[in-house]
Amino acid sequence: MWKAGDRMKVAVLASGRGSNFEALAKAAQDESYPAIIVLLVTDNPEARALEVAKKFGIESFVVDCGSKKGSMTPESSEKIASLCRERGVELVCLAGFMRIVKGRLLEEYKGRMINIHPALLPSFKGLHGQRQALEYGVKYSGCTVHFVDEGVDTGPIIIQRVVPVLQDDDEETLSARILKEEHIAYPEAVRLIAEGRVRIKGRRVFIDERKN
Ligand code: GRF
């Protein structure tokens, strides 16, 4: 068992609404949860995630990641890495962070950085996973929490949760059904990692039984 005061320090990177960030912050309010959210970083000064940080008393920073959509400058990568390092961050959670992480931040946190994606990977990578699933015509979709590597939504899979795609779904209704599962999956994945129960072996992730 982890000891009180020994909770894993987590940073969240988010660009928008921040509902997954909020789910993590809520989970971490419980003192028996093995992780604590110490930092929010956003690339977007308008992000609702900043309000969430304020509400939960979590330190937050806006970092200019450059004007190239979906990408980040080497300086911003270095800046976010140092914000994390200075606070002893042990795990970085991407939660709707609309930039592909590369450079210093990825080098420093590879194997200690995870992402949530609104589809059952390896299907429907990239933007609009829910819309892609609807257009393809799958009968089930869901969400995936995975480690971040150099690719886009390609790292080893930690947790997936499945939802049905219903006949009368549109992008909005399917996204809402998936989002509910995201808010369960993300805190659960962070818990497993913070409890030291997650091992990566090649592409496969193994979850150890709870140690007591
Ligand atoms: C979620 O659907 C997540 O899976 C994707 O971006 C969205 C972020 O939503 N990566 P929110 O900002 O957490 O509400």
Side-chain angles (χ1 to χ4, degrees), residues 2 6-16 18 20-21 23-25 27-28 33-44 47 49-50 52-53 58-66 68 70-117 121 125-126 143-159 182 185-208:
W2 63 96
D6 211 17
R7 300 163 76 190
M8 180 174 267
K9 289 186 182 154
V10 174
V12 177
L13 273 53
S15 298
N20 278 289
F21 167 43
L24 290 169
Y33 189 73
I36 178 167
I37 317 298
V38 296
L39 173 67
L40 169 83
V41 179
T42 182
D43 57 335
N44 171 15
L50 287 166
V52 176
I58 295 169
E59 192 181 16
S60 62
F61 290 87
V62 180
V63 174
D64 180 354
C65 292
K68 195 164 165 216
S71 183
M72 67 194 306
T73 59
E75 295 75 22
S76 61
S77 179
E78 174 63 55
K79 171 73 188 164
I80 299 172
S82 60
L83 286 171
C84 292
R85 192 187 316 124
E86 284 156 10
R87 284 155 189 81
V89 165
E90 298 161 276
L91 179 70
V92 174
C93 293
L94 308 183
F97 187 62
M98 302 304 283
R99 311 248 175 188
I100 295 164
V101 175
K102 55 184 183 182
R104 185 72 170 161
L105 179 60
L106 182 60
E107 281 159 29
E108 218 167 300
Y109 279 95
K110 184 134 185 247
R112 300 187 298 151
M113 185 184 298
I114 62 177
N115 179 45
I116 186 151
H117 182 73
L121 293 172
K125 299 185 180 90
C143 64
T144 304
V145 183
H146 63 92
F147 284 100
V148 174
D149 63 10
E150 288 76 10
V152 178
D153 303 325
T154 49
I157 291 170
I158 306 162
I159 283 187
E182 293 185 38
Y186 220 178
E188 180 57 17
V190 170
R191 167 193 290 284
L192 293 171
I193 292 170
E195 288 177 349
R197 294 166 56 194
V198 173
R199 282 179 299 120
I200 314 178
K201 241 183 159 185
R203 274 220 57 86
R204 294 184 70 191
V205 172
F206 295 86
I207 312 286
D208 293 335

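The analysis underlying the following values was restricted to heavy atoms, covering all of them including side chains, and did not include hydrogens, waters or symmetry mates. Starting from 1, each residue takes its place in the sequence as its number.
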Trainee: With a 4.0 Å cut-off, would you call E78 and R85 a salt bridge?
Mentor: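 Salt bridge present between E78 and R85.
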Trainee: Quick check: do P156 and R204 have side-chain heavy atoms less than 4.5 Å from each other?
Mentor: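 No, their side chains stay 4.5 Å or more apart.
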Trainee: If you measure from CD1 on I114 to CG on L91, what distance do you get to the nearest 0.5 Å?
Mentor: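 Going from CD1 on I114 over to CG on L91, the span is 5.0 Å.
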Trainee: Any donor and acceptor pair, going by atom type alone, linking the side chain of N44 with main-chain N or O of G16 inside 3.5 Å?
Mentor: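 No: the side chain of N44 does not pair with the backbone of G16.
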Trainee: Main chain of L40, side chain of S60: is a donor-acceptor contact present, judged purely on distance under 3.5 Å?
Mentor: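 Not confirmed, S60 side chain does not pair with L40 backbone.
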Trainee: Count the heavy atoms belonging to other residues, nucleotides or ligands that lie under 6.0 Å from CZ of R203, then report whether that count exceeds 12.
Mentor: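 Yes.
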Trainee: Name the residue from I159, T154, V205, D153 that meets the side-chain contact (heavy atoms from CB on, under 4.5 Å) definition with H146.
Mentor: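 Single side-chain contact (heavy atoms from CB on, under 4.5 Å) partner of H146 among I159, T154, V205, D153: D153.
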Trainee: Can you name the closest pair of heavy atoms from L83 and R87 and give their distance?
Mentor: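 Closest pair (atom of L83, atom of R87, distance): O-NH1, 2.8 Å.
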Trainee: Is there a donor-acceptor pair closer than 3.5 Å between any side-chain N or O of R104 and the backbone N or O of S82?
Mentor: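 Not at all, since once roles are kept as given, no pair shorter than 3.5 Å links the two residues.
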Trainee: Does V62 offer a backbone N or O that forms a donor-acceptor pair with the side chain of T42 under 3.5 Å?
Mentor: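 Judged by distance alone, no pair lies under 3.5 Å.
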Trainee: If you look at every heavy atom in A28 and I37, which pair is closest and at what distance?
Mentor: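 Shortest heavy-atom separation between A28 and I37 comes out as CB-CG1, 4.0 Å.
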Trainee: Would you confirm whether S15, through its side chain, and D43, through its main-chain N or O, come within 3.5 Å as a donor-acceptor pair?
Mentor: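 Pair absent, no side-chain N/O of S15 close to backbone of D43.
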Trainee: Roughly how far apart are E107 CD and M113 CE, rounded to 0.5 Å?
Mentor: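 One finds 10.5 Å between CD of E107 and CE of M113.
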Trainee: So do V38 and I58 actually touch side chain to side chain, heavy atoms under 4.5 Å?
Mentor: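 No. Closest side-chain heavy atoms not under 4.5 Å.
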Trainee: What's the separation between atom CG in L105 and atom NZ in K110, rounded to the nearest 0.5 Å?
Mentor: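 L105 atom CG to K110 atom NZ measures 13.0 Å (nearest 0.5 Å).
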Trainee: Go through the steps to decide whether V12 and N20 satisfy the test side chain to side chain contact (heavy atoms under 4.5 Å, CB included), and finish with yes or no.
Mentor: CA-CA 9 Å; V12 177; N20 278 289; over 6 Å; no
Trainee: Please lay out, stage by stage, how I80 and C65 fare under the test side chain to side chain contact (heavy atoms under 4.5 Å, CB included).
Mentor: CA-CA 10 Å; I80 299 172; C65 292; 4.3 Å; yes
Trainee: How close do V89 and V10 get, heavy atom to heavy atom, and via which atoms?
Mentor: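 Shortest heavy-atom separation between V89 and V10 comes out as CG1-C, 4.3 Å.
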Trainee: Tell me the closest heavy-atom pair linking F97 and L13, and the distance in Å.
Mentor: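 Looks like CB-O, 3.4 Å.
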Trainee: Between atom CD1 of I193 and atom CD1 of I207, what is the distance when rounded to the nearest 0.5 Å?
Mentor: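 So the CD1 of I193 and the CD1 of I207 are separated by 8.0 Å.
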Trainee: Hey, what do you get for CZ (F21) to CG (L50), rounding to the nearest 0.5 Å?
Mentor: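 Taking CZ in F21 and CG in L50, the distance rounds to 8.5 Å.
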Trainee: Less than 4.5 Å apart, any side-chain heavy atom of R112 and any of V92?
Mentor: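 A side-chain contact is absent here, since even the closest heavy-atom pair is not under 4.5 Å.
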Trainee: How far apart are the closest heavy atoms of A189 and I158, and which atoms are they?
Mentor: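 That would be CB-CG2, 4.3 Å.
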Trainee: Between L94, V152, V148, which is the residue that forms a side-chain contact (heavy atoms from CB on, under 4.5 Å) with I100?
Mentor: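 Of the listed residues L94, V152, V148, the side-chain contact (heavy atoms from CB on, under 4.5 Å) partner of I100 is V152.
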Trainee: Examine distances only and state if a side-chain atom of R197 and a backbone atom of D208 form a donor-acceptor pair shorter than 3.5 Å.
Mentor: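 Indeed, once roles are kept as given, a pair shorter than 3.5 Å links the two residues.
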Trainee: Testing the basics here: between Y186 and A95, what is the closest heavy-atom pair and its distance to 0.1 Å?
Mentor: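 Minimum heavy-atom contact is CE1-CB, 4.0 Å.
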Trainee: Donor-acceptor pair, E59 side chain versus L39 backbone, under 3.5 Å?
Mentor: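 No, the answer is negative, given that no donor and acceptor are paired below the 3.5 Å cut-off.
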Trainee: Determine yes or no for a side-chain-to-main-chain donor-acceptor pair under 3.5 angstrom, with R7 supplying the side chain and A194 the backbone.
Mentor: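 No, because the side chain of R7 does not come within donor-acceptor range (under 3.5 Å) of the backbone of A194.
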Trainee: Okay, side chain of R99, backbone of S71: is any donor-acceptor separation there less than 3.5 Å?
Mentor: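 Judged by distance alone, yes, a pair lies under 3.5 Å.
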